[in-house]
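Bear in mind that the values here come from a model prediction, so they are computed numbers and not experimental data. Sequence lines set the chain letters: A, B, ... in the order given, protein chains first and strands last, and positions in each chain run from 1. Side-chain atoms are counted along with the backbone in the values below, which use heavy atoms only and exclude waters and symmetry mates.
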Protein chains: 2
Amino acid sequence: MTIAEASQKYGLTPDTLRYYERIGLIPPVRRTASGIRDYDEEACRWIELMKCMRSAGVQIEALTEYVKLFQQPGPTAEARRQILVDQRILIEKRIWEMQEALNRLNYKIERYDTVLIPAEKGRKG
Amino acid sequence: MTIAEASQKYGLTPDTLRYYERIGLIPPVRRTASGIRDYDEEACRWIELMKCMRSAGVQIEALTEYVKLFQQPGPTAEARRQILVDQRILIEKRIWEMQEALNRLNYKIERYDTVLIPAEKGRKG
DNA sequence: TCTTGACCTGGAGTGCACTCCAGATGTTAC
DNA sequence: GTAACATCTGGAGTGCACTCCAGGTCAAGA
C-alpha cells in the first residue's frame with residue numbers, strides 16, 4: 001500500500017504519515033527497493049492505533065515512548081503497560097471534564113430556549 | 001478580589017487571566033481608581049465558565065465570539081445559542097472519540113495483564 | 001525515451017494557547 | 001519616606017503538533 005492509499009484509508013495526509021514515522025510515533029515502514037514506503041498490515045495497525053490515541057488527545061511523547069519500548073530488546077511489557085495505565089487515567093479525567101462542560105452547555109441551551117430567546121422575542125411583539 | 005486572589009481561586013496564572021481579558025475571552029474587568037483589576041462576582045462567573053469550557057477543549061475563537069455577542073447591543077440570544085449548540089456537537093464528538101480510545105486502552109491493558117506480562121515473566125522462570 | 005505525476009528528504013513555516021519579560025506604576029509594612 | 005512586593009502594559013518567546021516547501025528521485029503511460 002502506497003502512502004497515498006494509506007493516507008486515504010485513515011484520513012491523515014501523507015505529510016502527517018511521514019511525520020509520524022520520522023518522530024517514531026509509528027515504527028519504520030517497509031520500503032520498496034527504490035526507497036518508497038509500502039504500508040503492510042502491521043504498519044496499518046500502528047497508524048490506526050495512533051490515529052485513535054491522537055484523536056483522544058494522548059500526547060505524542062507518551063506514544064513514541066510506547067513505540068520505543070516495543071522496538072527495544074528485553075522485557076518491556078510492564079513498562080508499556082504502565083504507559084497505557086497512565087494515559088487511561090488522563091483520558092478518564094478529560095472525559096469527566098468534557099462531561100462537565102457538556103452538562104453546562106445543556107443547561108445553558110435549555111435556558112436560552114425557555115427564557116432568554118422568548119424574552120428577546122417578547123420585547124418587540 | 002485582586003488578580004492574585006482570582007488566580008488562586010481558579011488555578012489560572014495572573015498572566016493567563018490578563019491574557020483572557022486581553023483577547024476578549026472574558027469581558028473587561030472592573031478596575032480600581034489606579035487601574036488595578038478588581039474581580040467581582042460576575043467576573044468570577046465568567047472565569048469559571050471559561051475555565052470549564054477551555055478544559056473541555058472548546059476553542060478560544062468560539063468563546064470570544066460568544067462574549068462579543070454578549071457585549072453587543074440588540075438581540076443576540078439566538079446567535080449565542082447557536083454557538084453553544086455547535087460546541088455541544090463538537091464536545092459530544094470528542095467524548096465519543098475518547099471513549100473509543102478508553103475502550104481500546106482497557107482492552108490492551110487487560111491483554112497485558114493476562115497474556116503479555118505473564119508470557120514475559122514465564123520466559124525466565 | 002520523454003513527460004507527467006507520485007514519492008523522497010531535511011528543514012523551515014504555521015497556528016494555537018499560553019507564558020515570560022522589561023520597564024513602569026501602585027501598595028503596604030515599617 | 002522608603003524598601004519590598006504586587007500590579008500594570010505591550011510585545012516577544014515557547015511548546016506542541018502538524019504542514020509546507022525546495023530540490024531531487026522514481027514510475028508508468030504515450
Once salt bridge (Lys or Arg N to Asp or Glu O under 4.0 Å) is applied, what residue pairs with a partner in residues 70-89 of chain A remain, sequence neighbours excluded?
A/Glu78-B/Lys121, A/Arg80-B/Glu120, A/Arg81-B/Asp113
Sorted by chain and residue number, the salt bridge (charged side-chain N to carboxylate O under 4.0 Å, His left out) partners of A/Glu65 (sequence neighbours excluded) come out as A/Lys68
Assign a letter to each nucleotide of nucleotides 12-21 of chain C from its 5' end: B, base within under 4.0 Å of a protein heavy atom; S, sugar-phosphate only; -, no contact.
-----BBBBB
With sugar-phosphate meaning primed atoms plus P, OP1 and OP2, does A/Ile3 contact a base, only sugar-phosphate, or nothing at under 4.0 Å between heavy atoms?
sugar-phosphate
Got a list of side-chain donor-acceptor pairs under 3.5 Å for residues 16-26 of chain B, not counting sequence neighbours?
from    : atom 1 : to      : atom 2 : distance (Å)
B/Thr16 : OG1    : B/Thr13 : OG1    : 2.9
B/Glu21 : OE1    : B/Arg37 : NE     : 2.6
B/Glu21 : OE2    : B/Val29 : N      : 2.9

Going by side chain to side chain donor-acceptor pair (under 3.5 Å), name the residues that satisfy it together with A/Lys51, two or more places apart in sequence or in a different chain.
none
Test of understanding: with salt bridge (charged side-chain N to carboxylate O under 4.0 Å, His left out), list the residues that count as partners of A/Lys93, not counting sequence neighbours.
A/Glu97
The side chain to side chain donor-acceptor pair (under 3.5 Å) partners of A/Gln72 (sequence neighbours excluded) come to none
Going by ring-ring contact (aromatic ring centres under 6.0 Å, His included), name the pairs with one or both residues in residues 78-98 of chain A, residues two or more places apart or in two chains.
none
Phosphate oxygens OP1/OP2 of D/dT7: is one of them under 4.0 Å from a side-chain N or O of B/Thr2?
yes
Taking only residues two or more places apart in sequence or in another chain, which ones pass side-chain contact (heavy atoms from CB on, under 4.5 Å) with B/Glu42?
B/Asp40, B/Arg45, B/Trp46
Flag the pair A/Val58 / A/Met50 as yes when at least one side-chain heavy-atom distance between them is below 4.5 Å, and no otherwise.
no
In whole angstroms, the gap separating P of C/dG11 from CD1 of A/Ile23 amounts to 16 Å
Mind calculating the distance between CG (B/Leu17) and C1' (D/dC8) to the nearest angstrom?
14 Å
By a strict heavy-atom criterion of less than 4.0 Å, which residues belonging to residues 38-50 of chain A are in contact with DNA chain C?
none
Not counting sequence neighbours, which residues clear salt bridge (charged side-chain N to carboxylate O under 4.0 Å, His left out) with B/Glu5? List them please.
none
Using a 4.0 Å cut-off on protein heavy atoms (strictly under), produce a 5'-to-3' string for nucleotides 22-30 of chain C with B for base contact, S for backbone-only sugar-phosphate contact, and - for none.
----SS---
